[in-house]
Amino acid sequence: MNLDVQTWLPAEFFRENRRKFMEQMVQGSIAVFHAAQPVIASADLFHHFIQAPNFFYLTGIEAPDCVLMLHPASRNEERETLFIPKPDPQREIWTGRMLDKDEVSEISGVDKVQYMDDFEGKFVREQQPLEYLYTDYEDEGFRYPTSESGEFRRKVQNELPGLRIKKANPILADLRRIKSPQEISLIRRAVEITGEALQAVWTECRSDRWEYQLEAVIAYHFISNGARKYAFAPIMASGASSTVLHYVANESQLEDGEVLLTDVGAKFLHYCADITRTVPVNSRFSGRQRDVYQAVLEVQRALIQSVKPGIHVDELNATARDLIGEKLIDLELVGETEEVNEYYMHRVSHFLGLDAHDVGTYTGVLEPGCVLTIEPGIYIREEGLGVRIEDDLLVTEEGCEVLSAGIAKEPSELEALVHG
């Protein structure tokens, strides 16, 4: 499969994203976005590079050490400038060939590409008559500033106190919340890869296996299908660990009579899936396990049916708590629905896109093009039993499409698939 970003996201996609952003900039403003920086693992070794989502959304460039400057009031050819590192033969010996100006322009659709040496001088010249600077610095609920962006903001505040800082994140979060057809195609592919990997795990779900061996199955299927990064650290939680919401140790041996809760997501060309299934280790749910599983499944079905344009994600969360509370009474775990926090501790939904927990306000209404998860769960710590079922949904004009509908979740289906 072709993993070239241009095959899936043409330059026009990024050009349109920049146009929409600049339309919402106030008069007398300029915007500066920094690419992510490589994260040092130790000495001169680095972790796998992950581009800052905002920078990728606006440029499509996957390299570090770059800066995008947007200046809507400039002459047409000066409205967008992308600064990149100057090719360095010594650096290329160690890390491979660097993009040249023509390649960066072709990928991003930015006509004016300059080297980073020119950035500071151009910024000083461009900002002098302006009042506002947009940057994607850290804000509550938004976790992707770059260190370079933070340093740049502090420098501007110290050296140019007359230039007022504005948050770019709310504008970008609103734009990123509605997915384009190209983005939806990438999420679909991430979901497909995730489903294939889960089915491979289920054939290995027996008591002589360890959780980390099942994580290796996930890694193999993700990478061999072109998803070279995880959307998040895989959760392979068997037995009592199934009640730990973000268990990632994956170090225990599976035991007969337990369940295995798998929460995984492929990241395909930057776009994420997020799927959870709970299966029996010994290929058969016990009576109690099936009752809890069925309760969670019925809650999820009801919630999925209610997803449509015009409703708030917070409404889904409130409905989930009410429905799970009723199920907990039926399961004789609580006496009143108000005690739901004892066995259900998280939100039932989040947006999905460039991040597994993608940006977007939960107080606004859902619109066609939103992609979100529905993931109710019940976690009974005293019984060592946790059940969560999670699917990825696309909001449509009429209601919603379950992108992960092809991934088995009926109890009988799962029992048949475990051990192949």
Side-chain angles (χ1 to χ4, degrees), residues 1 41-42 45 47-48 50 189-268 272-286 289-290 292-293 296 356 373 375 377 379-381 383-392 404 406-420:
M1 176 172 288
S42 64
L45 301 178
H47 290 293
H48 201 109
I50 299 176
R189 183 59 188 141
V191 169
E192 290 171 1
I193 293 169
T194 304
E196 292 171 17
L198 282 171
Q199 290 201 49
V201 163
W202 297 336
T203 65
E204 300 286 331
C205 186
R206 54 181 184 264
S207 58
D208 64 341
R209 291 291 187 262
W210 292 74
E211 293 165 347
Y212 59 78
Q213 292 177 315
L214 302 184
E215 181 183 345
V217 174
I218 291 289
Y220 170 79
H221 281 270
F222 279 10
I223 294 171
S224 62
N225 281 290
R228 299 177 62 196
K229 298 185 181 78
Y230 295 136
F232 51 91
I235 295 171
M236 296 282 150
S238 63
S241 297
S242 65
T243 68
V244 180
L245 301 183
H246 283 174
Y247 170 81
V248 293
N250 300 342
E251 61 188 4
S252 297
Q253 187 172 16
L254 278 61
E255 301 288 345
D256 280 344
E258 296 179 338
V259 296
L260 173 71
L261 187 154
T262 54
D263 188 344
V264 298
K267 177 176 272 195
F268 183 72
C272 301
D274 187 357
I275 310 293
T276 306
R277 292 292 186 266
T278 308
V279 299
V281 171
N282 60 358
S283 80
R284 291 288 181 271
F285 287 110
S286 70
Q289 290 168 352
R290 182 179 278 267
V292 175
Y293 188 98
V296 175
T373 65
E375 49 178 309
Y379 311 92
I380 313 172
R381 290 186 293 277
E383 298 179 23
L385 172 60
V387 173
R388 182 165 66 249
I389 308 171
E390 178 180 21
D391 282 291
D392 300 341
S404 48
I407 305 174
K409 64 179 177 182
E410 292 293 330
S412 57
E413 289 181 290
L414 296 174
E415 288 177 336
L417 288 166
V418 170
H419 293 227

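Just so it is clear, the values below take in all heavy atoms, side chains as well, and ignore hydrogens, waters and symmetry mates.
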inquiry  = Classify the ring geometry of Tyr293 against Phe285: parallel below 30°, tilted from 30° to 60°, perpendicular beyond 60°.
reply    = tilted
key: Beyond-backbone contact of Asp263 with Phe232, side-chain heavy atoms, under 4.5 angstrom   = yes
inquiry  = I need the Glu413 CD to Ile407 CD1 distance, nearest 0.5 Å.
reply    = 11.5 Å
request  = Mind checking side-chain contact (heavy atoms from CB on, under 4.5 Å) for Ala200 and listing every partner two or more places apart, or none if nothing turns up?
outcome  = Val217, His221
message = Can a side-chain donor-acceptor contact be found between Glu255 and Ser207 if the only test is distance below 3.5 angstrom?
response = no
inquiry  = Test side chain to side chain contact (heavy atoms under 4.5 Å, CB included) on Thr278 and Ser242; report intermediate values, then the result.
reply    = CA-CA 9 Å; Thr278 308; Ser242 65; 6.0 Å; no
ask   = Are Asp392 and Ser404 close enough, and set up right, to give a side chain to side chain donor-acceptor pair (under 3.5 Å), and what steps lead you there?
value = CA-CA 6 Å; Asp392 300 341; Ser404 48; 5.2 Å; no
Check: Arg290 and Glu415 side chains under 4.5 Å, non-hydrogen atoms = yes
query = Between CH2 of Trp202 and CG of Leu214, what distance do you get to the nearest 0.5 Å?
reply = 12.5 Å
ask   = Short question: side chain of Asn250, backbone of Pro234 - any donor-acceptor pair under 3.5 Å?
value = yes
ask   = Under 3.5 Å, side chain of Thr194 to main-chain N/O of Ala266, donor-acceptor pair present?
value = yes
query = Where is the tightest heavy-atom contact between Gly265 and Phe222, given as atom of each residue plus distance?
reply = O-CE2, 3.4 Å
query = Taking all non-hydrogen atoms of both residues, which atom of Cys272 and which atom of Lys267 are closest, and how far apart?
reply = SG-CE, 3.4 Å
key: Side-chain heavy-atom pair Asn225, Arg189 within 4.5 angstrom cut-off   = yes
inquiry  = With a sphere of 6.0 Å drawn around CZ of Arg228, does it hold more than 12 non-hydrogen atoms of other residues, nucleotides or ligands?
reply    = no
ask   = Does Glu215 use its side chain to pair, donor to acceptor, with the backbone of Tyr212 at less than 3.5 Å?
value = no
key: Separation of Cys205 SG from Leu260 CG (nearest 0.5 Å)   = 4.5 Å
request  = Output all residues satisfying side-chain hydrogen bond (donor to acceptor under 3.5 Å, both in side chains) with Arg284, sequence neighbours left out; order by chain, then residue number.
outcome  = none
query = If only atom types and distance count, is the side chain of Gln213 paired as donor or acceptor with the main-chain N or O of Trp210 below 3.5 Å?
reply = yes
inquiry  = Could you report the tightest heavy-atom contact between Ala231 and Ala356, atom names first, then the distance?
reply    = O-CB, 3.9 Å
request  = Kindly indicate, with the supporting measurements, whether the criterion side chain to side chain contact (heavy atoms under 4.5 Å, CB included) is fulfilled by Val387 and Gln289.
outcome  = CA-CA 8 Å; Val387 173; Gln289 290 168 352; over 6 Å; no
query = Do Thr373 and Glu375 get their side chains close enough for a donor-acceptor pair, meaning under 3.5 Å?
reply = yes
ask   = Arg388 versus Tyr379: any side-chain heavy-atom pair under 4.5 Å?
value = yes
message = Do Leu261 and Thr276 have side chains that approach each other closer than 4.5 Å (heavy atoms only, starting at C-beta)?
response = yes
key: side chain to side chain contact (heavy atoms under 4.5 Å, CB included) evaluation trace for Ile380 with Val292   = CA-CA 9 Å; Ile380 313 172; Val292 175; 3.9 Å; yes
request  = Output, in order, the C-alpha distance, side-chain angles, deciding distance and verdict of salt bridge (charged side-chain N to carboxylate O under 4.0 Å, His left out) for Asp391 and Lys409.
outcome  = CA-CA 10 Å; Asp391 282 291; Lys409 64 179 177 182; 2.8 Å; yes
Trace of the side chain to side chain contact (heavy atoms under 4.5 Å, CB included) decision for Val248 with Ile235 = CA-CA 5 Å; Val248 293; Ile235 295 171; 4.1 Å; yes
inquiry  = Test your reading of the model: is there a side-chain donor-acceptor pair from Glu204 to the backbone of Val201, 3.5 Å cut-off?
reply    = no
ask   = Can you tell me how far CZ of Phe268 sits from NZ of Lys229, rounded to the nearest 0.5 angstrom?
value = 12.0 Å
inquiry  = With rounding to the nearest 0.5 angstrom, report the CD1 to CD distance, Ile218 to Glu196.
reply    = 11.0 Å
ask   = What distance separates Ile223 CD1 from Ile193 CD1, expressed to the nearest 0.5 Å?
value = 11.0 Å
key: Check: Arg277 side chain, Glu390 main-chain N or O, donor-acceptor pair, under 3.5 Å   = yes
key: Sidechain-backbone polar pair: Glu211 side chain, Glu251 backbone, donor-acceptor under 3.5 Å   = yes
key: Residue pair Thr203 / Leu417, side-chain heavy-atom distance below 4.5 Å   = no
